[in-house]
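Quick notes on the structure that follows.
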Amino acid sequence: MPELPEVETIRRTLAPHVEGRTVVAADMDDPLTCRHPADPAGFATRLRGRTVASLGRRGKYLLFELRGGGRLIVHLRMAGRLWWHAGPDARERFLRARLHLDDASVLDYIDMRRLGGMYLADDDGTGTPAGLLTLGPEALSPGFSPPVLAAALRGRRTAVKSVLLDQRVVAGIGNIYADEALHGAGIHPARRAGALRGPDVRRLHAAIVAALEEGVRAQGVSFSLYRDGEGRKGEMGERLRVYGRGGQPCYTCGTTLARTRVGGRGTALCPRCQRPPRGL
DNA sequence: CGCTTCCTGACT
DNA sequence: AGTCAGGAAGCG
């Protein structure tokens, strides 16, 4: 569900509520949510008494750095939500875990599809999800530059959109912002990555950064499930130019936006602004 | 690489 | 009944 702007918004809204707080109890209600350690009782025992020093983010991972070492890592995947309440609120239908903090507030982890998960990792890396270890540069950092993007695209016959979604290439882009960035750059999502020229790559890089920064400013997209750490919706949904707009007119040229499938993912594009070269 | 799978629900 | 969903690991 959430991509870099949504996860960053959650981090910002959650940080003031959890930093410096101690977990006095953890209700780990769902074995699937406990990725490491995998048993809920052990997970709860290890988390109890730990204090959150700071809340960070890497790609789409949220990192609760714990005082004295180690971290609690949360990945929301498609449908996960983190929701803080000043007191023990009503339990959401798909509540999978609840952390009780030492000021009587609670942090709820809600995940209808149970695709997301929580990890308790040590400083030596034990328990860290593999995907976090192989993450590419942060999309909104100097480490992600046009030359870095060019190197990732070079020589590859796969669709350019699939490369953008590869977290090992760049961390934080998901299906929404990939479509938005490709439209902003005027590049067809199924275009062969290796076929992009220097100017294409620079436009694409700029469009990625612009789309993600706009998403952060607007506090994310709230299509259905996403909310920030305090349950508020983001404004980015109304600013999307292609994602979710198949069949509606392109804001740039008026052409009816198309809906297709690229790399197994639903994809929206403007057939005129993003015209593919012959044979892609 | 690209396709399938994980999981559960909403919608056509 | 079939399709789709903001993600990513796993398997040929």
Side-chain angles (χ1 to χ4, degrees), chain A residues 1-10 29-36 38 57-62 73-82 92-97 109-119 128-136 139 152-182 189-190 192-194 211-212 214-216 218-228 233-247 259-268 280:
Chain A
M1 164 184 86
E3 307 180 25
L4 185 153
E6 289 73 34
V7 179
E8 175 60 18
T9 300
I10 292 171
D29 294 340
D30 177 39
L32 247 184
T33 295
C34 302
R35 301 301 175 100
H36 182 93
R57 178 190 60 76
R58 183 79 173 86
K60 304 172 192 173
Y61 293 86
L62 280 163
I73 302 164
V74 179
H75 197 302
L76 304 168
R77 288 287 181 95
M78 296 282 266
R81 292 154 55 186
L82 276 171
E92 287 278 314
R93 180 165 169 210
F94 302 110
L95 183 67
R96 307 300 184 192
Y109 175 71
I110 301 141
D111 185 2
M112 180 184 81
R113 294 176 67 178
R114 304 203 293 165
L115 293 173
M118 306 174 71
Y119 310 75
T128 306
L132 178 55
L133 297 170
T134 56
L135 231 40
L153 297 170
R154 195 170 301 137
R156 299 192 57 184
R157 296 178 60 78
T158 192
V160 57
K161 176 173 174 178
S162 299
V163 176
L164 300 188
L165 292 176
D166 185 343
Q167 303 299 300
R168 295 168 302 185
V169 169
V170 51
I173 303 173
N175 209 28
I176 296 178
Y177 294 93
D179 280 4
E180 293 298 308
L182 287 162
R192 291 192 201 289
L212 292 173
E214 186 180 7
V216 172
Q219 295 163 297
V221 174
S222 287
F223 247 155
S224 56
L225 294 172
Y226 163 78
R227 298 293 185 277
D228 72 16
K233 294 189 180 192
E235 310 287 320
M236 187 61 190
E238 296 110 67
R239 311 176 79 94
L240 297 177
R241 298 191 247 287
V242 285
Y243 185 90
R245 297 195 62 246
R259 205 160 153 60
T260 176
R261 204 155 260 280
V262 175
R265 308 297 302 275
T267 298
L280 298 182

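Below, chain A is the first sequence line, B the second, and so on; all start at residue 1.
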Side chains of residues 169-176 of chain A: which donor-acceptor partners sit under 3.5 Å, not counting sequence neighbours?
from, atom 1, to, atom 2, distance (Å)
N175(A), OD1, K161(A), NZ, 2.7
N175(A), ND2, G266(A), O, 3.0

**Study point:** Short side-chain N/O contact to dA8(C) OP1/OP2 from H75(A), under 4.0 Å
**Key:** yes
Check your understanding: Over how many whole Å does the gap from L212(A) atom CG to dG6(C) atom P extend?
Key -> 16 Å
**Study point:** Audit row: M236(A), Y243(A), side chain to side chain contact (heavy atoms under 4.5 Å, CB included) steps and yes/no
**Key:** CA-CA 11 Å; M236(A) 187 61 190; Y243(A) 185 90; over 6 Å; no
**Study point:** From CA spacing to verdict: side chain to side chain contact (heavy atoms under 4.5 Å, CB included), L76(A), K60(A)
**Key:** CA-CA 8 Å; L76(A) 304 168; K60(A) 304 172 192 173; over 6 Å; no
Point to revise | Main-chain N/O of A181(A) paired to R241(A) side chain as donor or acceptor, under 3.5 Å | key: no
Practice item. Would you kindly give the CZ-to-P distance between R58(A) and dA8(C), to the nearest whole Å? Key: 13 Å
Review point. With sequence neighbours left out, what residues match T158(A) under side-chain hydrogen bond (donor to acceptor under 3.5 Å, both in side chains)?
Key: none
Check your understanding: Counting distance only, does the side-chain N/O of R57(A) pair as donor-acceptor with the main-chain N or O of G59(A) below 3.5 Å?
Key -> yes
**Study point:** side-chain hydrogen bond (donor to acceptor under 3.5 Å, both in side chains) against R154(A), all qualifying residues, sequence neighbours excluded
**Key:** none
**Study point:** Any Y243(A) side-chain nitrogen or oxygen under 4.0 Å from OP1 or OP2 of dG6(C)
**Key:** yes
Review point. Under 6.0 Å from the CZ atom of R168(A), do we count more than 12 heavy atoms belonging to anything else shown?
Key: no
Check your understanding: If you measure from OH on Y109(A) to CG on D30(A), what distance do you get to the nearest 0.5 Å?
Key -> 8.5 Å
Check your understanding: Quick one: is dA8(C) close enough that its OP1 or OP2 comes under 4.0 Å of any side-chain N or O from R265(A)?
Key -> no
Check your understanding: Checking all strands, does R156(A) fall into the base, sugar-phosphate, or nothing category for heavy-atom contacts under 4.0 angstrom?
Key -> sugar-phosphate
Exercise for review: Can you tell me, in whole Å, how much space there is between the C1' of dC1(B) and that of dG6(C)?
Suggested key: 24 Å
Study note, to complete from the structure: Every stem of 3 or more Watson-Crick or G-U pairs under 3.5 Å that DNA chain C joins, in order of first number, is B:1-6 with C:7-12, B:8-12 with C:1-5
Check your understanding: Using atom P of each nucleotide, how far apart are dC11(C) and dC7(B) to the nearest Å?
Key -> 14 Å
Check your understanding: Taking atom P of dA9(C) as reference, at what distance in whole Å does atom CD of Q167(A) sit?
Key -> 9 Å
Exercise for review: Could you state the atom-to-atom distance from CZ of R35(A) to C1' of dG10(C) in whole Å?
Suggested key: 14 Å
Review point. Can you check the L165(A) CG to dA8(C) P distance for me, whole Å?
Key: 9 Å
Check your understanding: R81(A) has an atom CZ; how far is it from atom C1' of dC7(B), in whole Å?
Key -> 17 Å
Exercise for review: Measure the distance from CG on L115(A) to P on dG10(C) and round it to the nearest whole Å.
Suggested key: 14 Å
Exercise for review: In whole angstrom, give the distance that lies between atom CZ of R77(A) and atom P of dC6(B).
Suggested key: 13 Å
Are there any protein N/O atoms within less than 3.5 Å of an N/O atom in nucleotides 8-12 of chain B, and if so, which ones and at what distance?
from, atom 1, to, atom 2, distance (Å)
dT8(B), OP1, R114(A), NE, 3.1
dT8(B), OP1, R114(A), NH2, 2.5

Taking only N/O atoms, report every protein-nucleotides 2-4 of chain B pair under 3.5 Å with atom names and distance.
from, atom 1, to, atom 2, distance (Å)
dG2(B), OP2, T158(A), OG1, 2.6

Exercise for review: Can you measure from CG (D228(A)) to CD (E8(A)) and round to the nearest 0.5 angstrom?
Suggested key: 12.0 Å
Review point. With distance as the sole test, does R96(A) use its side chain to make a donor-acceptor pair with the main-chain N or O of D111(A) at under 3.5 Å?
Key: yes
Exercise for review: In sequence, state the C-alpha distance, the side-chain angles, and the governing distance for L182(A) and E180(A), and then conclude on side chain to side chain contact (heavy atoms under 4.5 Å, CB included).
Suggested key: CA-CA 6 Å; L182(A) 287 162; E180(A) 293 298 308; over 6 Å; no
Point to revise | dG6(C) OP1/OP2 closer than 4.0 Å to side-chain N/O of K60(A) | key: no
